[in-house]
Amino acid sequence: MDFPSELSRQVTRVDRGLDQLLPPAATPPARLHEAMRYSLQAGGKRLRPVLVLATARLFGAKDDAALPAAVAIECLHTYSLIHDDLPCMDNDDLRRGRPTAHRQFDEATALLAGDALLTHAFALLAEGYAAQPALANALTRELADAAGSRRLIGGQMADLLAEKKPSTPAELEFIHLNKTAAMIEAALVLGGLVGGADPAAVAALRQAGRHLGLAFQIIDDVLDATADSATLGKTAGKDATAGKTTFVRLHGLETARRLAREHSDAALAALRGLPGNPAFLLALAESMAGRSR
Ligand code: GRG
């Protein structure tokens, strides 16, 4: 398998799906729909939707069966980035190499574009899987759990509270498991559910997602401390400026890199236990561990 060309093929499928499954930019009110597309089409790495497609395919899903779920998770992820960048949270000017949504439009439009993307994610699941109500229900529950107050939103709340006082290692793990790993875990599980994975395989996907998510976040901390804003497409060095506790701050760069490696090895081990040929998923997990942006 030629990983770079396969990855670029999958990213193109996601980009096409995003274009097809989002309301056209001219839909009234056009300013809102333009803002939704502006943030979505700014060109993120598309890791979560590609994980959905690759996992669904591993379990034998037909081409495009997983596309609504893949687009849904990217909509949800993008809403979380738009809201995270708002002045009331991270107050950031740069995202995906472009001005953040509230800089490009205005704060209210950015807030509403985020709200609309979050809502649209669930509409996509309801509409895309209407012919399979049990699957639609399972996908909705999975995404709602991952995005809800105990996971993504809870992780974000804990992260904001952590700006006020140093976090313990356990608090930091709570933040990362929920703010970051929840969506990566959900991507693998959504793909598995679309492909009809059995409960044991879903549990293995969850395990892989948890470790992959932790590795991803530790690498994010390392990159925040070592890379520049142009490479990252977002403001670098923010954690240090905010005085935030990170893996790098708690453990130092060397140990953070080792922990990232350990989590990504654990993710790879869980993926290797899956049926079929997970070569693309393994290569994708490896590339997430070795990423530079
Ligand atoms: C506002 C509910 C709410 C949640 C915000 C996404 C998020 C939670 C905060 C952004 C800051 C951050 C470091 C989150 C951890 C997850 C993470 C590394 C997100 C960025 O994901 P990438 O690198 O981004 O996959 P692209 O742009 O490539 O999609």
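Atoms within each ligand, like the ligands themselves, are counted from 1 in listed order.
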Chemist: Using a strict 4.0 Å threshold on nitrogen-to-oxygen distance, state whether Arg258 and Glu262 make a salt bridge.
Modeler: yes

Chemist: Charged N to carboxylate O under 4.0 angstrom, Lys179 versus Glu173?
Modeler: no

Chemist: Check each of Met183, Gln217, Met157, Arg48 against atom 19 (C) of ligand 1 and report the one with the nearest heavy atom.
Modeler: Arg48

Chemist: Among all protein non-hydrogen atoms, which one is nearest to atom 13 (C) of ligand 1, and what is the separation to 0.1 Å?
Modeler: Asp220 OD2, 3.4 Å

Chemist: For His77 and ligand 1, does the shortest N/O to N/O distance drop below 3.5 Å?
Modeler: yes

Chemist: Within the 4.0 Å heavy-atom shell around His83, which atoms of ligand 1 are there?
Modeler: 1 (C)

Chemist: Between Asp221 and Arg249, does any NZ, NE, NH1 or NH2 come within less than 4.0 Å of an OD or OE carboxylate oxygen?
Modeler: no

Chemist: So does Thr109 get a backbone contact from the side chain of His102, meaning a donor-acceptor N/O pair under 3.5 Å?
Modeler: no

Chemist: Counting non-hydrogen protein atoms only, what is the nearest one to atom 16 (C) of ligand 1? Give residue, atom name and distance.
Modeler: Thr180 OG1, 3.6 Å

Chemist: Starting from atom 6 (C) of ligand 1, locate the nearest protein heavy atom and write down its residue, its atom name and how far away it is, to 0.1 Å.
Modeler: Ser80 OG, 3.2 Å

Chemist: Using a plain distance cutoff, I'd like to know if Lys179 has any nitrogen or oxygen under 3.5 Å from a nitrogen or oxygen of ligand 1.
Modeler: no

Chemist: For Pro23, does its backbone N or O pair with a side-chain atom of His120 as donor and acceptor, under 3.5 Å?
Modeler: no

Chemist: Give the residue, atom name and distance (to 0.1 Å) of the protein heavy atom nearest atom 11 (C) of ligand 1.
Modeler: Asp84 OD2, 3.5 Å

Chemist: Which protein non-hydrogen atom lies closest to atom 2 (C) of ligand 1, naming both residue and atom, and how far is it?
Modeler: Tyr79 OH, 3.5 Å

Chemist: Indicate yes or no: does Arg261 engage Asp265 in a salt bridge with an N to O separation below 4.0 Å.
Modeler: yes

Chemist: Mark yes or no for whether Gln132, through its side chain, and Tyr129, through its backbone, hold a donor-acceptor pair below 3.5 Å.
Modeler: no

Chemist: Which residue supplies the protein heavy atom nearest to atom 8 (C) of ligand 1, what is that atom called, and how far is it?
Modeler: Gln156 OE1, 3.4 Å

Chemist: Are Arg13 and Asp64 within salt-bridge range, i.e. N to O under 4.0 Å?
Modeler: yes

Chemist: Give the residue, atom name and distance (to 0.1 Å) of the protein heavy atom nearest atom 22 (P) of ligand 1.
Modeler: Lys45 NZ, 3.4 Å

Chemist: Can the positive tip of Arg31 be found less than 6.0 Å from the middle of the six-membered ring of Phe105, inside 45° of the ring normal?
Modeler: no

Chemist: In ligand 1, which numbered atoms sit nearer than 4.0 Å to a non-hydrogen atom of Ile153?
Modeler: 2 (C)

Chemist: Answer yes or no: does an N/O atom from Arg96 fall short of 3.5 Å to an N/O atom of ligand 1?
Modeler: yes

